[in-house]
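The block underneath contains the structure these notes are about, expressed in structure tokens.
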Amino acid sequence: MQDKNKNEQKSFFEDVFAVARQIPYGRVSSYGAIANYLETVTARMVGWAMNKSFTADPPVPAHRVVNRKGELSGRHHFSTPSMMQELLENEGIIIEQDKVKDFKKLYWNPSDELAD
DNA sequence: CGTTTGACGGTCC
DNA sequence: CGGACCGCCAAAC
């Protein structure tokens, strides 16, 4: 009974959130990777969906999601543009020039980790 | 209902 | 290496 009509649309948003929440601690992923994994959404949809991630419940670690270059492209959407970097550094991720250091090593590909 | 806009990605040059 | 362009597709206007 508590669920009420929380389902709303149950669209690709939930899929994106679900994958994003599966990103392990100290790791980062990219919008395209998630989109590629779902194959039902495009990278733009992922990024756009992240906008709603702040209202999603449970919250989504959007700070762990960066673009394919490892750049903190979405830092401006956080409370503060520096918050995203601090969050990542808080997880042991080094940020250099608004980019993830060793991004290639920290890159978490759902299609590779969640591949059956 | 047509146009614009994206937290993107890949290709082209 | 970087700027330009197209494609995705849904929401906002």
Side-chain angles (χ1 to χ4, degrees):
Chain A
M1 316 253 201
Q2 304 94 329
D3 51 85
K4 206 159 186 176
N5 51 352
K6 188 174 245 200
N7 295 317
E8 311 229 348
Q9 299 176 2
K10 196 173 189 192
S11 48
F12 64 98
F13 283 93
E14 294 199 354
D15 289 337
V16 175
F17 295 154
V19 177
R21 283 193 286 248
Q22 287 173 82
I23 301 176
Y25 182 92
R27 292 280 183 128
V28 291
S29 187
S30 63
Y31 307 95
I34 298 172
N36 183 31
Y37 172 70
L38 296 173
E39 287 188 31
T40 54
V41 303
T42 62
R44 265 198 166 130
M45 297 293 93
V46 177
W48 182 62
M50 295 323 259
N51 254 304
K52 220 172 170 188
S53 67
F54 292 97
T55 60
D57 177 48
V60 179
H63 61 275
R64 290 185 192 152
V65 185
V66 295
N67 64 12
R68 87 171 182 89
K69 303 177 204 170
E71 300 175 310
L72 281 55
S73 47
R75 69 188 149 177
H76 273 292
H77 294 264
F78 285 80
S79 305
T80 59
S82 61
M83 188 169 187
M84 188 174 184
Q85 177 173 334
E86 292 184 37
L87 287 169
L88 289 169
E89 291 184 320
N90 186 37
E91 300 191 357
I93 301 173
I94 307 302
I95 306 300
E96 284 268 318
Q97 300 175 342
D98 296 333
K99 290 191 178 178
V100 178
K101 188 183 173 91
D102 297 324
F103 170 64
K104 194 172 183 181
K105 293 168 59 178
L106 298 173
Y107 186 54
W108 181 80
N109 190 339
S111 298
D112 183 52
E113 301 292 328
L114 303 180
D116 68 50

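Quick note on labels: first sequence line is chain A, next is B, and so on, each numbered from 1.
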| When the distance from OH of A:Y31 to C1' of C:dC9 is rounded to whole Å, what number comes out? | 17 Å
| request: Could you state the atom-to-atom distance from CG of A:N109 to P of B:dG9 in whole Å? | output: 12 Å
| Atom pair distance, as rounded to whole Å: CD1 in A:I23 and C1' in B:dA7 | 13 Å
| task | Pick base, sugar-phosphate or nothing for A:N67, based on heavy-atom distances below 4.0 Å to the nucleic acid. | result | sugar-phosphate
| query | So, are A:K99 and A:E71 salt-bridged, with charged N and O less than 4.0 Å apart? | reply | yes
| request: Indicate whether any N or O donor in one side chain lies under 3.5 Å from an N or O acceptor in the other, for A:S29 and A:Y107. | output: no
| task | May I ask you to say whether A:E91 pairs ionically with A:R27, meaning some side-chain N is under 4.0 Å from a carboxylate O? | result | no
| task | Can you spot which of A:V60, A:V65, A:V16 makes a side-chain contact (heavy atoms from CB on, under 4.5 Å) with A:S53? | result | A:V60
| request: Using a 4.0 Å heavy-atom cut-off across all strands, classify A:A35 as base, sugar-phosphate, or nothing. | output: nothing
| field | Nearest-Å distance for atom pair NZ/C1', residues A:K69 and C:dC1 | value | 11 Å
| message | Tell me the interatomic distance from A:L88, atom CG, to B:dA7, atom C1', rounded to whole angstroms. | response | 13 Å
| task | Return the value, rounded to whole Å, for the distance between atom NE2 of A:H77 and atom P of B:dA7. | result | 4 Å
| note | Closest to the side chain of A:T42, out of B:dA7, B:dG9, C:dC9, is C:dC9
| task | Using whole Å, report how far NZ of A:K52 lies from P of B:dT5. | result | 22 Å
| message | Closest approach to the side chain of A:W48, judged atom by atom: which nucleotide of C:dA11, C:dC8, B:dA7 is it? | response | C:dA11
| message | Can you tell me which nucleotide in B:dG9, B:dA7, C:dA10 comes closest to the side chain of A:M45? | response | C:dA10
| remark: note: A:M84, atom CE; B:dA7, atom C1'; distance rounded to Å ~ 8 Å
| message | Within 45 degrees of the ring normal and closer than 6.0 Å to the centroid, is that where the cationic atom of A:K52 sits relative to A:F13? | response | yes
| Taking only N and O in the side chain of A:R75, is any of them less than 4.0 Å away from OP1 or OP2 of B:dA7? | no
